[in-house]
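Working notes, beginning with the structure itself.
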Amino acid sequence: RYAEAAVSFSKAYGMFEEPSMKEQCLFKMGDAYFANSQFKLAIETYKRAMGEFPGSKFMPNALYQSGESMAGDGDLNSAESMFSELVKKYPGSPEAEEGLLRVAEIKKEEGSLTDAIEAFTSVINTYSNGAHIAEAYHGRGLVLHRLYRFREALRDFERVVSSYPDSKVAEQAYFMRGLCFYGLWK
C-alpha cells in the first residue's frame, strides 16, 4: 500500500516541526512513490528532498533512487547522469558502487558495448571487494561474449564461478562458460 504510505508521509511532513523528522518523511515519501512505480512523483520528491536537505545522510540513497526512478521512467540518459553524479559526490558509499554498476548496465542496454566494458572494468578496479563485484565480472563477460571475445569472456565467467559461487549470477556464469567453450571450438 505504497500510495497510502506516500500520502501518510506527506501529511506527517506537514505536521512535524523537527527538521530531521521532516527530512525523513520527505525521503520516505519518495521511496513510497518509487516502490509504487510512480517514477515521476518519486523524481520530484527526491529532487525536493535534496534541495531542502542538501547535507542529509540520505543523500546517496536519494541520488541512487532518483537514477532508478529515471530509468524506470525510460529516461536512461538522465539516469546515467544521476548515477555518475552519485559516484562523483559519494565515491566510498555502497550506493556509489551500485550506481557505477548501473552505469555499466545502461551502457550495455543502449548497445554502447565498448563503454560498457570500460564501466564494468571500472567497477571491478574501484570496488574490488565490493558487494557487486560478481555482477561486474558477469556483466563484462556478457558484453565480451556478445562481441565474440570468447577467451576474455570465459576468464570473467571463470572468475565468477571460482571466486563467487554463491552469487546470484553464478548459475548463469556456469552456463555462459559452456557457450564460450562452444564459441572457441568453432
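Using a 4.0 Å cut-off between charged nitrogen and carboxylate oxygen, Arg140 and Glu152 do not count as a salt-bridge pair.
Counting only heavy atoms from C-beta outward, the side chains of Asn61 and Phe27 never approach each other to under 4.5 Å. Inter-residue side-chain proximity for Phe83 and Glu68 is flagged as met; some heavy-atom pair is nearer than 4.5 Å. Looking at heavy atoms from C-beta onward, Met59 lies in side-chain contact with Tyr90 at the 4.5 angstrom threshold. For the pair Thr126 and Val87, the minimum side-chain heavy-atom distance is 4.5 Å or more. Considering only heavy atoms from C-beta on, Tyr46 comes within 4.5 Å of Gln65 through its side chain. Contact of the Lys107 side chain with the Glu80 side chain is registered, since non-hydrogen atoms from C-beta on lie closer than 4.5 Å. Inter-residue side-chain proximity for Asn77 and Asp75 is flagged as met; some heavy-atom pair is nearer than 4.5 Å. Between Asp156 and Leu144 there is a side-chain heavy-atom pair separated by less than 4.5 Å.
Among all heavy-atom pairs drawn from Ser10 and Met29, the shortest one is CB-SD, 3.3 Å. Closest non-hydrogen pair, Leu86 versus Pro60, comes out as CD1-O, 3.6 Å. In this structure, Lys108 and Ala116 approach most closely via the heavy-atom pair N-CB, 3.7 Å. A pairwise comparison of heavy atoms in Ser69 and Ile43 identifies CB-CG1, 3.5 Å as the closest pair. Between Glu98 and Tyr64, the closest heavy-atom pair is OE2-OH, 3.2 Å. Across all non-hydrogen atoms, the minimal contact from Pro91 to Tyr127 is O-OH, 2.7 Å.
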**Asked** side chain to side chain contact (heavy atoms under 4.5 Å, CB included) between His145 and Cys180: does it pass, once the steps are laid out?
**Response** CA-CA 7 Å; His145 182 270; Cys180 288; 3.8 Å; yes
**Asked** Which is it for Glu158 and Arg155 under the salt bridge (charged side-chain N to carboxylate O under 4.0 Å, His left out) test, yes or no, and what are the steps along the way?
**Response** CA-CA 5 Å; Glu158 290 283 354; Arg155 277 194 292 268; over 6 Å; no
**Message:** Set out, in order, the CA-CA distance, both residues' side-chain angles and the distance that settles side chain to side chain contact (heavy atoms under 4.5 Å, CB included) for His138 and Ser167, then state yes or no.
**Reply:** CA-CA 10 Å; His138 185 260; Ser167 71; over 6 Å; no
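Using modelled atom types, one side-chain atom of Ser8 and one backbone atom of Glu4 make a donor-acceptor pair closer than 3.5 Å. Of the possible polar contacts, none joining the Glu95 side chain to the Leu63 backbone as a donor-acceptor pair under 3.5 Å is found.
Every residue was checked against the side chain to side chain donor-acceptor pair (under 3.5 Å) condition with Lys88, not counting sequence neighbours, and none meets it. Annotation: side chain to side chain contact (heavy atoms under 4.5 Å, CB included) contacts of Ser20 (sequence neighbours excluded): Glu18, Glu23.
When hydrophobic clusters are built by joining Ile, Leu, Val, Met, Phe, Trp and Tyr residues whose side-chain heavy atoms come closer than 4.5 Å, directly or via intermediates, Val143 is not grouped with Leu76.
Ring pair Tyr148/Phe150 is perpendicular by interplanar angle, where above 60° counts as perpendicular and below 30° as parallel.
Within a 6.0 Å sphere centred on CD of Glu171, heavy atoms belonging to other residues, nucleotides or ligands number 12 at most.
Other residues sharing a hydrophobic cluster with Ile124 under the 4.5 Å side-chain heavy-atom criterion for ILVMFWY residues are Ile133, Tyr137, Val160, Tyr164, Val169.
Residue Glu97 holds its CD atom at 14.0 Å from CZ of Arg102, rounded to the nearest 0.5 Å.
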